[in-house]
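Notes follow once the structure below has been shown.
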Amino acid sequence: ELRTNGWQATFGVFPLSLGETPVPGDDDSNDKWMIGAQLAMDRRLTENTMLMLSGAYYAYNNIRGELAAFEGDTSTFWTAPGFVQKGNSMMFLTENVSDSPIVFGLATDYKMLNLVGALNFTHFAPYEVDLTAAYVNNLGYDANDLRNNADRIFYSASYDYDRRNQGYELSMYGGHPEVEGFMTWRVGGRYVYLEADATLDAYANSNFQLGGTNYKGWQIDAMLGLTQSSFARIRYFSTKEITEVPMGVDVLLLDFQTNF
């Protein structure tokens, strides 16, 4: 990580799984990694207005499923994800879709461009207002590739191939900067639109649509300080599917948190 004159650059390499099923002659060929780089800056536009911008690129390596070479071949089963929620395009890894066991893998690559912009207003001290906009685009997604392999894609008959790799979020929050102390408060909400292959569903927010991707909806949020070290929070989420099987989910969360 590097910092200078309001700029910050961050780079990281993170292992997802290492050598769980060694491939003969190449023990590293099936390692799964995430490589990420981010550039961010913040600027004070006026005495009471702060601008923050960031751009990031995240590339996941060796996570796309690979088709078995022949019936009974299990050498590509290591490409199956260790954990998923719901939303991402999945493909049969077995040569014959009726083979047992039936094993699924991710049907596309995930190389995400993520852009975020935020404004912080402190004109109303001790209160502040925060506006944030975020955008994600999975540059590794190839709609034509999925179309050409539709017979291997799970539940592909209802796919809208041209609406699967982008997402955005808009949010607004106001109140005290920190909910610390009796009757300090913070309220706000956000709208989220996240297509099925915009990001890995395994790491998507589990509060929206009970986890996964392929949803659009909103959240309202309110926090109230009860003591210097405790607060109560209420959040309500309402979402529905963008494509495929219609499903709407409403979630109400009540939290009480205290620090010792």
Side-chain angles (χ1 to χ4, degrees), residues 38 40 42 50-54 56 58 83-88 110 112 114-138 163-164 166-260:
Q38 181 187 58
D42 56 72
M50 178 73 75
L51 170 68
M52 289 150 283
L53 299 172
S54 70
Y58 306 100
F83 173 75
V84 296
Q85 295 192 84
K86 60 181 182 295
N88 289 165
Y110 289 85
M112 285 92 70
N114 184 216
L115 304 175
V116 179
L119 286 168
N120 172 258
F121 302 98
T122 58
H123 301 70
F124 321 102
Y127 310 114
E128 66 176 33
V129 174
D130 293 300
L131 303 177
T132 304
Y135 171 77
V136 63
N137 188 319
N138 177 14
R163 283 204 305 159
R164 296 189 69 83
Q166 299 184 70
Y168 64 87
E169 176 181 322
L170 303 172
S171 71
M172 178 178 179
Y173 278 80
H176 292 90
E178 302 291 339
V179 181
E180 297 177 346
F182 181 64
M183 295 304 291
T184 55
W185 56 273
R186 189 167 179 82
V187 298
R190 71 186 72 219
Y191 178 82
V192 180
Y193 177 93
L194 189 65
E195 293 176 350
D197 289 308
T199 188
L200 282 174
D201 64 32
Y203 304 132
N205 189 327
S206 61
N207 293 324
F208 284 97
Q209 200 72 355
L210 298 179
T213 58
N214 189 30
Y215 67 83
K216 57 184 177 181
W218 48 270
Q219 168 194 351
I220 55 175
D221 193 355
M223 292 173 280
L224 179 66
L226 304 176
T227 70
Q228 187 65 34
S229 58
S230 63
F231 66 87
R233 184 179 189 182
I234 182 171
R235 287 174 289 170
Y236 182 72
F237 304 83
S238 181
T239 57
K240 62 181 180 180
E241 296 281 319
I242 297 174
T243 61
E244 282 91 69
V245 179
M247 182 176 74
V249 178
D250 296 294
V251 177
L252 178 65
L253 298 178
L254 301 174
D255 302 308
F256 174 79
Q257 181 173 315
T258 188
N259 299 316
F260 298 95

Practice task
Start with the C-alpha distance between N120 and E128, add both sets of side-chain angles, then the distance that settles side chain to side chain contact (heavy atoms under 4.5 Å, CB included), and finish with yes or no.
Solution key: CA-CA 7 Å; N120 172 258; E128 66 176 33; 3.4 Å; yes
Problem - Heavy-atom side-chain contact between N138 and E195 under 4.5 Å - result: no
Practice task
Please collect all side chain to side chain donor-acceptor pair (under 3.5 Å) contacts where either partner lies in residues 174-189, sequence neighbours excluded, each pair once.
Solution key: D130-R186
Problem - With sequence neighbours excluded, residues passing salt bridge (Lys or Arg N to Asp or Glu O under 4.0 Å) with D255 - result: R235
Completion exercise
Residues passing the salt bridge (Lys or Arg N to Asp or Glu O under 4.0 Å) test with E169, sequence neighbours excluded, are R190
Problem - For Y168, ring-ring contact (aromatic ring centres under 6.0 Å, His included) partners two or more places apart - result: Y193
Exercise for the section: Just jot down the ring-ring contact (aromatic ring centres under 6.0 Å, His included) partners of Y215, sequence neighbours excluded, or say none. Expected result: F208
Practice task
List the steps and the verdict of side chain to side chain contact (heavy atoms under 4.5 Å, CB included) for N207 and V251.
Solution key: CA-CA 7 Å; N207 293 324; V251 177; 5.6 Å; no
Handout entry: Check: N214/E241 side-chain N/O donor and acceptor closer than 3.5 Å
Key = yes
Handout entry: Modelled atom types, side-chain donor and acceptor of N114 and Y58, under 3.5 Å
Key = no
Over all atoms of both residues, closest heavy-atom pair of [X] and [Y]:
X	Y	value
V84	A202	CA-CB, 4.3 Å
S206	Q85	CB-OE1, 4.0 Å
T213	A204	CG2-CB, 4.2 Å

Problem - Stepwise side chain to side chain contact (heavy atoms under 4.5 Å, CB included) test for F260 and S229 - result: CA-CA 7 Å; F260 298 95; S229 58; over 6 Å; no
Practice task
Could you tell me whether M172 atom CE has more than 12 heavy atoms of other residues or ligands within 6.0 Å of it?
Solution key: no
Exercise for the section: Report, as yes or no, whether the 6.0 Å neighbourhood of atom OH on Y191 holds more than 12 heavy atoms from other residues, nucleotides or ligands. Expected result: yes
Handout entry: Non-neighbouring partners of T239 that pass side chain to side chain donor-acceptor pair (under 3.5 Å), sequence neighbours left out
Key = Q209
